[in-house]
2 protein chains.
Amino acid sequence: MIPEKEITIYDIAKSLNISAATVSRGLKDHPGISKLTKKRIFDAAKDMGYRFNSLASNLRRQRTNTIGVIVPRLNSSFMSDAIAGMEQVANQAGYNLIISQSLETVKKEVENSLTMFNNRVDGLLVSLAYNTQDISHFEAFIKKGIPVIFFDRIFEHIKCPNIIIDNYQAGYEITKHLIAEGGRRIMHVSGNQSRNVYSERFRGYRDALEEFNLPFSDELLIVNNLTALEGIETAVQILSMEKKPEAVFVSNDTCAVACMLELKKQGIKIPEDISFAGFNNDPIAKVVEPNLTTINYHGEEMGELAANILIRHLTNNLEIGPAHTTVLGHELIVRQSSTKKII
Amino acid sequence: MIPEKEITIYDIAKSLNISAATVSRGLKDHPGISKLTKKRIFDAAKDMGYRFNSLASNLRRQRTNTIGVIVPRLNSSFMSDAIAGMEQVANQAGYNLIISQSLETVKKEVENSLTMFNNRVDGLLVSLAYNTQDISHFEAFIKKGIPVIFFDRIFEHIKCPNIIIDNYQAGYEITKHLIAEGGRRIMHVSGNQSRNVYSERFRGYRDALEEFNLPFSDELLIVNNLTALEGIETAVQILSMEKKPEAVFVSNDTCAVACMLELKKQGIKIPEDISFAGFNNDPIAKVVEPNLTTINYHGEEMGELAANILIRHLTNNLEIGPAHTTVLGHELIVRQSSTKKII
DNA sequence: TTGTAGGCGTTATCAC
DNA sequence: GTGATAACGCCTACAA
C-alpha cells in the first residue's frame with residue numbers, strides 16, 4: 001500500500017493562494033481572519049482530506065493536552081469508577097488520558113512516571129502503589145511546574161494537592177458501629193500500614209476501641225494484601241482462635257466477603273456469631289448474604305474531582321502548592337445488624 | 001517560577017564537542033558509536049538534566065508508540081479486566097495507552113476516534129457502542145493502514161481483525177443446561193440486538209429451544225439495557241406473568257442478579273421456582289445466593305490478546321486484512337441446580 | 001566511527 | 001487581514 005502523502009496546511013495554502021499562517025489561523029477560528037477566507041480554508045481542508053497534526057502542534061506549543069494517570073491496578077471496582085470519572089471530565093475539556101498501572105510495585109511506578117515525563121504529559125493523577133515510600137520519582141515533574149495530584153492513596157507533599165476521604169473518621173465510625181452492635185472483641189484486617197488509607201482506618205479503629213475501653217491486642221490485627229484469597233486465610237485463622245472475635249472490620253469488601261463466606265461455610269453464623277464490616281461498597285457488598293456493612297466511597301466523583309482540579313491548574317496556569325487537601329464525603333452503610341445492641 | 005531551559009541533544013553535543021547526530025545515536029544505543037562516546041553522552045545527559053523529547057521524536061518518525069482504546073464504559077468488571085490486560089502488554093512493549101469511553105453513544109465514539117486519529121495513534125483497539133451500526137468513522141484509519149482491531153463487541157469488516165468468544169455457542173450451552181435442569185418455559189433477557197454479543201447469544205438460545213422442541217414466543221424475550229434497574233423491572237414483569245417461566249437466561253450478571261434478588265424478595269424460590277443463568281462471571285455471580293450459573297469470559301486474556309495482535313501488526317508492519325477472527329474460549333459455570341432434571 | 005544538513009507540520013512574532 | 005520567517009527537538013540519508 002502506498003501511503004498517500006499527508007496534506008499539510010502548506011498544501012491548503014498553495015491551493016488557495018494564501019499563506020500557511022493564514023490557514024493555521026483559519027483552522028483555529030482566529031478572530032482576525034475574514035469569514036470568507038475561513039470558509040474557503042475549511043472547505044479546502046475537507047476536500048483535500050487534511051488532518052490536523054497534533055504532534056507538530058504539540059511540539060511547537062510545548063503542550064500535549066494529555067493527562068497521565070498512574071494507578072496500582074485498573075481492575076478494581078473503585079479504580080475503574082475513578083478512571084471513568086476522570087475520562088469524562090478530561091474528554092469534555094479536550095484532554096486525553098494516558099493510563100498505566102504500577103501493579104503495586106514502586107519499580108513500575110517509577111518507570112511509568114518516567115515515560116509520562118518524556119511524553120510531556122501536562123499533568124499527572126496518581127494513586128500510589130502499596131509500598132511507595134518516597135516520591136522522588138515525581139520531583140522532576142514538580143521541579144518543572146507540572147502539577148502532580150494524588151488521589152486516595154496519597155503522599156503528603158507541599159506541592160501536590162491531595163484528594164481523599166477521611167479514612168480515619170470512616171474507620172472510627174464503622175468500628176463504633178460494630179461496638180454499638182454489641183462487639184467487644186473486634187478484629188481488624190488491614191493492608192500495608194505505610195499506605196495512608198490503611199493506617200488511617202486502623203487509627204480510627206484503635207481510637208474507637210479506646211473510647212469504649214475495649215482492649216486491643218496484636219492478635220486482633222491482621223495485615224495482609226486484602227485479596228479474596230487472604231480473606232479465606234483470615235477465616236481459617238479466626239476459626240483457630242481460642243477466643244473468637246464478635247466482629248471483624250476488614251479494610252476492603254473483597255477480602256471481607258471472602259472471609260465471611262468461608263466462615264459461613266464452616267458453620268459460623270453471620271452476623272449472630274461474628275458480624276462483619278468492609279470498606280468501599282463494591283457491588284458484592286450488597287449481594288452477599290447477609291449484606292455487608294461498609295463505607296460508601298465515591299470513586300467516580302473522586303476521579304472527576306481529581307481531573308477537574310488538575311485541569312483548573314492547567315487552564316489558569318496556577319503555581320502548584322502549597323498543597324491543598326480535599327476531603328470527600330463518605331457514608332457508613334449499615335446492612336448487618338446483630339440483635340445484641342448495647343448502646 | 002522561571003522554567004529552566006530544556007536541555008536538548010544540541011546542548012549535550014556542544015558540551016562534549018561532538019555532533020548532535022552522534023548524541024542522538026548514542027542515546028539510542030546505536031551500534032556504530034564507540035563505547036566511550038556513549039558513556040560520555042549518557043553521563044553528560046544525566047549531569048545536564050536532559051530529558052528525551054518524545055514529541056519531537058514522534059513528529060520526526062511519524063509514529064507515536066501510542067495505542068488508542070475506545071470502549072463503551074470503563075467501569076464494568078469485564079472491561080476493566082480487558083483494559084488491565086492491554087495495559088500490561090502495551091507497557092511491556094513500550095506502547096502507551098490512550099483510553100476513552102463512548103458511553104454507549106455513536107456520537108462520542110465518532111468524536112473520540114477523530115481525536116485518536118489526529119493524535120496519530122499507531123493503532124486502535126475498539127469495543128463498539130450499543131447502537132453503532134456502521135463504522136465509517138474508522139475508515140480513515142483503515143485507509144491510512146492504521147490497524148483497527150475490534151474485541152468483544154465487533155463489526156465484521158474485511159480489514160479489521162476481531163477477537164470474540166463464541167457467543168452463539170455460549171448462549172446455546174447455557175440454554176441447553178437450563179433445559180436439562182428441567183426448564184420448559186425459558187425466558188431470555190437480552191441487550192440491543194444489533195450488537196453481535198447479544199444477538200448471537202439470543203440465537204444460541206433460540207436454537208437450543210428449537211432442538212428440544214420447546215416453544216418460543218415473544219413473551220419470552222425481553223430486550224433492555226441489562227442494567228440492575230432493568231433487572232428489577234424484569235422481575236416485576238415476571239411476577240405479573242400468568243404463566244411464569246421455569247428458568248431465565250439473562251445476558252449479563254448484573255441484570256441477572258438484580259432480577260433474582262427482587263424475585264427472592266417477593267417470595268419466589270430460586271432455583272426451585274425459577275432458576276437463573278447469567279453471563280460474564282462477574283464477582284457478584286459467585287457471591288449471590290444461590291450462586292449464579294454463568295458463562296466465564298476471560299476479560300484480561302482478551303485484552304492481552306488484542307494488544308498482542310495489534311503490536312504484532314505494528315512491529316512487522318503487516319498489511320491489515322483480510323480480517324482474521326480469533327475466538328477465545330469460554331466456560332459454562334454451573335452453580336444452580338434445580339432438582340427436577342430431565343435429561 | 002562521526003559529522004552535515006534538511007525536514008517532520010505547526011504556530012508565534014513581527015511586519016505590512 | 002494577511003504574509004514571511006523562524007523556531008520546536010529530533011532523526012536519518014549521505015558524506016567523510
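Naming: A, B, ... by sequence-line order, numbering from 1 per chain. Excluded from the calculations below are hydrogen atoms, water molecules and symmetry mates; all remaining heavy atoms, backbone and side chain alike, are included.
- Rounded to an integer number of Å, the gap from NZ of B:Lys14 to P of C:dT4 is 13 Å.
- Taking atom CG on B:Leu27 and atom C1' on D:dC10, their separation rounds to 11 Å, with Å as the unit.
- Nucleotide D:dC8 holds its C1' atom 13 Å from the CG atom of B:Asp11, rounded to whole Å.
- Both tests hold for B:Arg51 against A:Phe117: distance to the six-membered ring centre under 6.0 Å, angle to the ring axis within 45°.
- Nearest-nucleotide positions on DNA chain D for A:Ile18 and B:Tyr50 put A:Ile18 closer to the 5' end.
- Here B:Leu55 lies out of heavy-atom contact (under 4.0 Å) with every strand.
- Put simply, B:Ser19 has no side-chain N or O that comes within less than 4.0 Å of OP1 or OP2 on C:dT4.
- At a threshold of 4.0 angstrom between heavy atoms, the contacts of B:Thr37 are confined to the sugar-phosphate backbone, with no base atom among them.
- If you measure from atom CG of A:Leu16 to atom P of D:dG3, you get 10 Å, rounded to the nearest angstrom.
- Taking only distance into account, the side chain of A:Arg120 never meets the base of D:dG9 through a donor-acceptor pair shorter than 3.5 Å.
- Here the P atom of nucleotide C:dG7 and the CG atom of A:Leu59 are 17 Å apart, to the nearest Å.
- B:His157 and B:Glu139 share a side-chain donor-acceptor pair at under 3.5 Å.
- In the interface, the side chain of A:Arg25 is paired with the base of C:dT13 through a donor and an acceptor atom under 3.5 Å apart.
- The shortest distance between the side-chain N/O atoms of A:Gln62 and the OP1/OP2 oxygens of C:dT11 is not below 4.0 Å.
- Side chain of B:Asp81 to backbone of A:Asn75: no donor-acceptor contact under 3.5 angstrom is found.
- Ring-plane geometry between A:Phe150 and A:Phe155 is classed as tilted, the angle between the planes lying from 30 to 60 degrees on a 0 to 90 degree scale.
- Applying the 4.0 Å criterion to OP1 and OP2 of D:dG1, one finds that A:Ser34 has every side-chain N and O outside that range.
- Residue contacts for A:Ser24: at a heavy-atom cut-off of 4.0 Å it reaches a base atom on one of the strands shown.
- Nucleic acid contact class of B:Tyr10 (heavy atoms, under 4.0 Å, all strands): base.
- The nearest heavy atom of DNA chain C to B:Ile33 and to A:Ala21 marks one nucleotide each, and the one closer to the 5' end goes with B:Ile33.
- Not a single donor-acceptor pair, N or O on each side, falls under 3.5 Å between the base of C:dA12 and the side chain of A:Arg61.
- A donor-acceptor contact closer than 3.5 angstrom is absent between the side chains of B:Ser54 and B:Ser57.
- In terms of polar N and O atoms assigned as donor or acceptor, the side chain of A:Arg60 never comes within less than 3.5 Å of the base of C:dT10 in a complementary pairing.
- Rounding to whole angstrom units, CD1 of residue B:Ile9 and C1' of C:dT2 are separated by 14 Å.
- Here C:dT11 presents its C1' atom at 8 Å from NZ of A:Lys28, a figure rounded to the nearest Å.
- Checking side-chain atoms of B:Glu109 against main-chain N and O of B:Ile70 turns up no donor-acceptor pair under 3.5 Å.
- Distance NZ (B:Lys35) to P (C:dT1): 10 Å, rounded to an integer number of Å.
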